[in-house]
Amino acid sequence: MEQEQAIGAKRVWESVKLYTVKCAKCSKWRLIPTKEKYEEIRERIVERSFLCDTARAWRPSVSCNEESDVKQDDSFLWAMDKPRIPQTPPGWQRILRIRAEGGTKFADVYYVTPSNKRLRSMVELSRYINEHPHLCEGVNISQFSFQPPVPLDEKYIAKRARSTTHDTSSTPAAGFMMLSLDSPERETFNDGLPSRWFVQTTEKMPAEGAVAADDD
DNA sequence: GCCACCGGTGGC
DNA sequence: GCCACCGGTGGC
């Protein structure tokens, strides 16, 4: 039997590095330790408000009296995520890729299948499920959502290809990211933004992987 | 040659 | 007007 050797070969790089959710009571940001936990919270945030108390499950000492885990300043790129996105089925990955600043879109969502195939849309997904029933037992399309987050800083996206040719040294959006969830209390944000999830990245990163090594 | 990334567009 | 979908392509 061939192992999953091939799986490690393809590197799938998630833009989001950090996840945070806002306490519905004190409005402070609490970091979420894992993507899995974050997805669990995100799925049910509307029904179950997130509180600092919730974070005690992994951080017993935390309370509303403590300072926010993260400051909402511009050292990060923040994006609002959507609630009710289903938890990713076991064996699959839901990947968020943030695009470079100044483009026409903010982010792409895709799923990586148990056989390490990258799917870009519901069309591709349902085709895959049909063609690989043995890999997709107990899985159906209601468990998937390609809904991307939106940038908190709307200037991140160029509204449209404009005549103004700005020669930005367009930095790759790759960086440390933080995905965070606002409290679900109010239904409308400032300009009727639909939900209150956020993603953050740090400032510019030189390039993917460039930082890691001191060379050799 | 592959595939990550981006823009175009058709359907709503 | 928006956005889901997918084709093109540039960089590896």
Side-chain angles (χ1 to χ4, degrees), chain A residues 2 4-17 35 42 77-86 88-89 92-132 136 139-177 179 187-213 215-216:
Chain A
E2 54 183 322
E4 306 184 343
Q5 302 280 6
I7 295 205
K10 188 190 271 182
R11 69 175 63 131
V12 180
W13 199 41
E14 164 74 74
S15 293
V16 178
K17 293 294 175 53
K35 184 180 182 178
R42 179 176 59 189
L77 173 63
W78 288 76
M80 305 172 66
D81 207 348
K82 311 286 181 178
R84 294 185 192 280
I85 292 174
T88 305
W92 294 66
Q93 287 184 83
R94 186 180 192 270
I95 301 294
L96 181 65
R97 294 290 300 173
I98 303 296
R99 293 192 177 189
E101 186 170 1
T104 57
K105 287 199 187 68
F106 179 56
D108 295 297
V109 174
Y110 58 92
Y111 283 90
V112 179
T113 73
S115 62
N116 208 35
K117 188 164 166 34
R118 186 174 176 269
L119 304 179
R120 301 186 294 167
S121 66
M122 279 296 182
V123 174
E124 292 184 0
L125 179 67
S126 41
R127 186 187 306 138
Y128 181 88
I129 291 178
N130 286 334
E131 292 176 357
H132 306 270
C136 301
V139 167
N140 70 66
I141 57 168
S142 69
Q143 296 173 278
F144 299 86
S145 166
F146 287 88
Q147 182 77 69
V150 298
L152 189 58
D153 174 13
E154 39 190 55
K155 298 193 302 295
Y156 191 85
I157 303 175
K159 288 289 179 191
R160 202 151 291 168
R162 277 288 170 181
S163 53
T164 38
T165 41
H166 49 78
D167 55 338
T168 57
S169 52
S170 73
T171 57
F176 302 102
M177 297 206 52
L179 188 53
E187 269 314 309
T188 51
F189 214 66
N190 288 341
D191 333 14
L193 290 173
S195 62
R196 52 297 306 305
W197 289 73
F198 299 88
V199 182
Q200 282 188 249
T201 63
T202 61
E203 58 217 308
K204 354 282 179 171
M205 291 267 296
E208 175 173 355
V211 190
D215 278 346
D216 53 351

Original post:
Hey, does A:Ser145 have a side-chain heavy atom less than 4.5 Å from the side chain of A:Pro86?
Top reply: yes
Original post:
For the residue pair A:Phe146 and A:Tyr110, is the inter-centroid distance of their aromatic rings smaller than 6.0 Å?
Top reply: no
Original post:
Rounded to the nearest Å, what distance is computed from the CZ atom of residue A:Phe106 to the P atom of nucleotide B:dC6?
Top reply: 12 Å
**OP:** May I ask you to evaluate whether A:Arg97 reaches the phosphate of B:dA4, defined as a side-chain N or O under 4.0 Å from OP1 or OP2?
**Re:** no
Original post:
Whole Å only: how far is the CZ atom of A:Arg127 from the C1' atom of C:dC6?
Top reply: 10 Å
Subject >> Heavy-atom side-chain contact between A:Val109 and A:Gln147 under 4.5 Å >> reply: no
Subject >> Nucleotide C:dA4, atom P - distance to NZ of A:Lys105 in whole Å >> reply: 9 Å
Original post:
Any sub-3.5 Å donor-acceptor pair from A:Thr88's side-chain atoms to A:Gln93's backbone N or O?
Top reply: no
**OP:** Using five pairs at either end of the helix from B:dG1-C:dC12 to B:dC12-C:dG1, determine the angle between the two local helix axes and round it to 10 degrees.
**Re:** 10°
Subject >> Spacing between A:Gln147 atom CD and C:dC2 atom C1', to the nearest angstrom >> reply: 12 Å
Original post:
Whole-Å distance between B:dC6 P and A:Arg120 CZ?
Top reply: 14 Å
Subject >> For atom OH of A:Tyr110 and atom C1' of B:dC3, their distance in whole Å >> reply: 10 Å
**OP:** Please report, rounded to the nearest Å, how far the C1' atom of C:dC5 is from the CZ atom of A:Arg118.
**Re:** 13 Å
Subject >> Protein-nucleotide distance (A:Gln93, atom CD; B:dA4, atom C1'), rounded to Å >> reply: 16 Å
Original post:
Given B:dC6, C:dC6, C:dA4, which nucleotide is nearest the side-chain atoms of A:Ala100?
Top reply: B:dC6
Subject >> Worked check of salt bridge (Lys or Arg N to Asp or Glu O under 4.0 Å) between A:Lys35 and A:Glu14 >> reply: CA-CA 10 Å; A:Lys35 184 180 182 178; A:Glu14 164 74 74; 2.7 Å; yes
Subject >> B:dC6 phosphate, OP1 or OP2, under 4.0 Å from A:Thr104 side-chain N/O >> reply: no
Original post:
Any side-chain donor-acceptor pair under 3.5 Å between A:Tyr128 and A:Thr113?
Top reply: yes
Original post:
Below 4.5 Å, heavy atoms only, C-beta onward: do A:Arg99 and A:Thr104 meet side chain to side chain?
Top reply: yes
